Amino acid sequence: MRSDIVKKGATRCAHRSLFHANGFGAEELSRPLIGVCNSFNEIIPGHMHLKSITEAAKLGVASAGGTPIEFPAIGVCDGIAMGHTGMKYSLASRELIADSIEAVAMASGFDGLILIPNCDKVVPGMLMAAARLNIPSIIVSGGPMLAGRFHGKNISVSQAFEAAGKFAAGKISAQEMTDLEAHACPSCGSCAGLFTANTMNCLSEALGMALPGNGTIPAAYTGDRFILAKRAGKIIMELIEKNICPRDILTRKAFENAITVDMGIGGSSNTVLHLTAIANECGIKIPAELFDEISARTPYITKLSPAGTHHMQDLDEAGGINAVMNELSKKNLLNLDALTVTGTLGDRIKDAKIARPDVIRTVDNPYRATGGIAILHGNICPDCAVVKASAVSEDMLVYKGSAKCFDSEEAAINAIMANKIHDGDVVVIRYEGPKGGPGMQEMLNPTAAITGAGLKVGLITDGRFSGASQGACIGHISPEAMEGGTIALIKDGDKIFIDIPNRKLELEVSDKELEQRRKEWTKPEPKIKTGYLARYASLTTSASTGAVLRS
């Protein structure tokens, strides 16, 4: 066993003494040692219940003959971090999570890992750690939040963000906003729509690193979640016995499957960053063009919030990700021989059925013939830009507007709330990329305010968008402004052409004029010069390569 390095032989006498201090006797040390990484905290609603999920997973390990050893991981709530300096830390926390798990697992000699995330950067951070360490591992999440109810309709946190724009536009009163915020998030769990956290938990299934139901069983369904966690505890022991490691599962075929499912369900645009970063840990390069290639052949067969009115509990009731994958397989879109933690993908999904056709459509009757995410190119984004096409209304898929430029998210949101943005504009938010932000902030506050105000505008940024964002919101523009990308050269009043069906994003300014502007451009001072974010900014790569840290 790998753990023999910390528990066997005369030179490990002191080590065994320290284990004894923790209550582990000789019998427990004779078994495989399973690190159980619990990202519980009291700030993230998706994590507040993870103590009980962790206890269930530990029971599963113990019942299968292993010794579970719990340790923590950090996490920030993207919703609470939104719209202020805290959001700069969100993406950057992904690297801290991966690094800290690596440190604890290597120092402790674990034979296997159960990784218990739920929200946003914690899921990809844990998957990155699993890929990097390459010891038997399994993901078991805390599950999605139930949708809230307000005025007879299902709602989620996205409606709470949009309420700010409605209030500023005089569409709702302060009391109505207060009433809505008290009903939008009714339970523990990751926010109820197909936002980043739930997308990544679903894609953990498609990658093969999690059990069926991981992404869709609601957190409030405690019996089902406990059973899932206990089963994961037992499965990790089988993975150790068979010596099945993450890189045996996280192959090129697995990433193609995950991208296909992502396109089929219309997941968060952040998955382009996260899948690229996880693949990087496996030594696999995933160019942005692969997402577009797969999108072109994958029908969009679910329409969950924020694009539609259904939520994660509806997808679970409809048959979950297994039903989605079974349906997509009818067009030969998946690699069914790909390995999962419980055998091949084909065996896993062969009996899955769509239980609610109103939630999961067939491949012959999709919402759209192509997938939920589009990769754009043009003189604004020579490397790439990303848009969640499934959340863009038909009348905004092709759009031309006049630029209104802001060098920070804060400046943009102030202008929106002051009613300085009008139909026909394209809001440009720059110097918010991985280096410029630093940390590549999500832009849910401005997008939600625009949606709430009912404005018909585009928004482009070298930052990124929450999975809850909707509209013609184009992010990940690369190269970013801080690296002298074209987005830094745009001026107020310039015409910007957005053509999502043809994958174009163009600044209608001559090459000669752009060259002159480039000569006049001066790189601004960093917004943050000390601490972790300063180090992150100096080491991070472009959004087009996953915004990972250089070794």
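Note that this is a predicted model, so its numbers are computed, not measured.
With rounding to the nearest 0.5 Å, the separation of CG in Leu194 from NZ in Lys388 is 5.5 Å. Summarising the geometry, atom OH belonging to Tyr221 is positioned 15.0 Å from atom CG belonging to Leu228; distances are rounded to the nearest 0.5 Å. Within the model, atoms NE2 of His310 and CG of Leu315 stand 10.0 Å from one another, a figure rounded to the nearest 0.5 Å. Within the model, atoms CE of Met263 and CZ of Phe291 stand 6.0 Å from one another, a figure rounded to the nearest 0.5 Å. If you take OG on Ser93 and CD1 on Ile97, they are separated by 4.5 Å, rounding to the nearest 0.5 Å. From Asp351, atom CG reaches atom NZ of Lys353 across 6.0 Å, with rounding to the nearest 0.5 Å.
Looking only at side-chain heavy atoms (C-beta outward), Thr216 and Ile321 come within less than 4.5 Å of each other. In this structure the side chain of Cys188 never reaches within 4.5 angstrom of the side chain of Met145, judged on heavy atoms. At least one side-chain heavy atom of Asp395 sits under 4.5 Å from a side-chain heavy atom of Lys456. At least one side-chain heavy atom of Ser204 sits less than 4.5 Å from a side-chain heavy atom of Leu127. Side-chain contact check for Leu91 versus Arg464: some heavy-atom pair is nearer than 4.5 Å. Looking only at side-chain heavy atoms (C-beta outward), Arg361 and Tyr300 stay at 4.5 Å or farther from each other. By the 4.5 Å heavy-atom criterion applied to side chains, Met325 and Val261 are counted as neighbours. Side chains of Val387 and Ile373 form no contact here, defined as non-hydrogen atoms less than 4.5 Å apart.
Taking all atoms of both residues into account, the shortest heavy-atom contact from Val548 to Ala277 is CG1-CB, 3.5 Å. Considering all non-hydrogen atoms of both residues, Val398 and Pro501 come closest at CG2-CD, 4.0 Å. Closest heavy-atom contact between Pro479 and Pro382: CD-CD, 3.7 Å. The two atoms that bring Ile375 and Cys384 nearest to each other are CG2-CB, 3.9 Å, heavy atoms only. Pairing each heavy atom of Pro117 with each of Val140, the nearest pair is CD-O, 3.6 Å. Counting all heavy atoms, side chain and backbone alike, Gly424 lies closest to Val457 at N-CG1, 4.3 Å.
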Legend entry - Audit row: Asp364, Thr362, side chain to side chain donor-acceptor pair (under 3.5 Å) steps and yes/no: CA-CA 5 Å; Asp364 296 321; Thr362 66; 5.0 Å; no
Inset, instruction - Take Leu397 and Ile498 through the side-chain contact (heavy atoms from CB on, under 4.5 Å) test and state the conclusion after the steps. - result: CA-CA 7 Å; Leu397 290 170; Ile498 298 168; over 6 Å; no
Inset, instruction - Decide side chain to side chain donor-acceptor pair (under 3.5 Å) for Lys285 and Asn280; before the verdict, give the C-alpha distance in whole Å, the side-chain angles of both, and the deciding distance to 0.1 Å. - result: CA-CA 6 Å; Lys285 300 300 180 185; Asn280 181 69; 3.1 Å; yes
Inset, instruction - Tell me, with the steps shown, if Gln313 and Val359 meet side-chain contact (heavy atoms from CB on, under 4.5 Å). - result: CA-CA 10 Å; Gln313 65 208 64; Val359 178; over 6 Å; no
Inset, instruction - Please assess Arg368 against Glu394 for the test side-chain contact (heavy atoms from CB on, under 4.5 Å), listing each intermediate value before the final yes or no. - result: CA-CA 11 Å; Arg368 287 181 183 165; Glu394 295 291 335; 3.3 Å; yes
Inset, instruction - Kindly indicate, with the supporting measurements, whether the criterion salt bridge (charged side-chain N to carboxylate O under 4.0 Å, His left out) is fulfilled by Glu162 and Lys166. - result: CA-CA 6 Å; Glu162 290 165 13; Lys166 290 182 177 180; 5.2 Å; no
Inset, instruction - Kindly indicate, with the supporting measurements, whether the criterion side-chain contact (heavy atoms from CB on, under 4.5 Å) is fulfilled by Leu207 and Asn257. - result: CA-CA 7 Å; Leu207 284 168; Asn257 286 342; over 6 Å; no
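Judged by distance alone, the side chain of Thr302 and the main-chain N or O of Leu304 form no donor-acceptor pair under 3.5 Å. Asn502 places no side-chain N or O within donor-acceptor distance of the main-chain N or O of Asp499, the cut-off being under 3.5 Å. Side-chain N or O atoms of Ser544 include none that pairs as donor or acceptor with a backbone N or O of Ser478 at under 3.5 Å. Distance alone, capped at 3.5 Å, places no donor-acceptor pair between the Ser190 side chain and the Asn198 backbone. No side-chain donor-acceptor contact under 3.5 Å links Ser90 to the backbone of Met87. Remark: the backbone N or O of Ser141 is paired with a side-chain donor or acceptor of Arg225 at under 3.5 angstrom. Put simply, the side chain of Asn118 gets close to the backbone of Gly143: a donor and an acceptor are under 3.5 Å apart. Put simply, the side chain of His49 never gets that close to the backbone of Ala219: no donor and acceptor are under 3.5 Å apart. Remark: side-chain polar atoms of Ser295 are not paired, donor with acceptor, to backbone N or O of Asp292 under 3.5 angstrom. With hydrogens and angles disregarded, a donor-acceptor distance shorter than 3.5 Å links the side chain of Glu205 to the backbone of Asn214.
For the side-chain contact (heavy atoms from CB on, under 4.5 Å) test with Ile477, the passing option among Thr461, Leu505, Ile429 is Leu505; the others fail. With Thr196 as reference, Asn270 is the one residue of Asp78, Asn270, Thr271 to meet the side chain to side chain donor-acceptor pair (under 3.5 Å) rule.
Taking a cutoff of 4.0 Å between a charged side-chain nitrogen and a carboxylate oxygen, Arg252 and Glu256 qualify as a salt bridge. Contact check on Lys400 versus Glu508 returns a salt bridge, with a Lys/Arg side-chain nitrogen under 4.0 Å from an Asp/Glu carboxylate oxygen.
With sequence neighbours excluded, no residue forms a salt bridge (Lys or Arg N to Asp or Glu O under 4.0 Å) with Asp462. The side-chain hydrogen bond (donor to acceptor under 3.5 Å, both in side chains) check on Glu327 picks up Lys330, with sequence neighbours excluded.
A donor and an acceptor atom, one from each side chain of Lys495 and Ser402, are located under 3.5 Å apart. No side-chain donor from either of His377 and Glu506 sits under 3.5 Å from a side-chain acceptor of the other.
No more than 12 heavy atoms of other residues, nucleotides or ligands shown are found within 6.0 angstrom of CE on Met48.
Under the salt bridge (charged side-chain N to carboxylate O under 4.0 Å, His left out) criterion, the residue pairs touching residues 424-441 are Lys88-Glu432, Lys404-Asp425, Asp407-Arg430, Glu432-Lys527, with sequence neighbours excluded.
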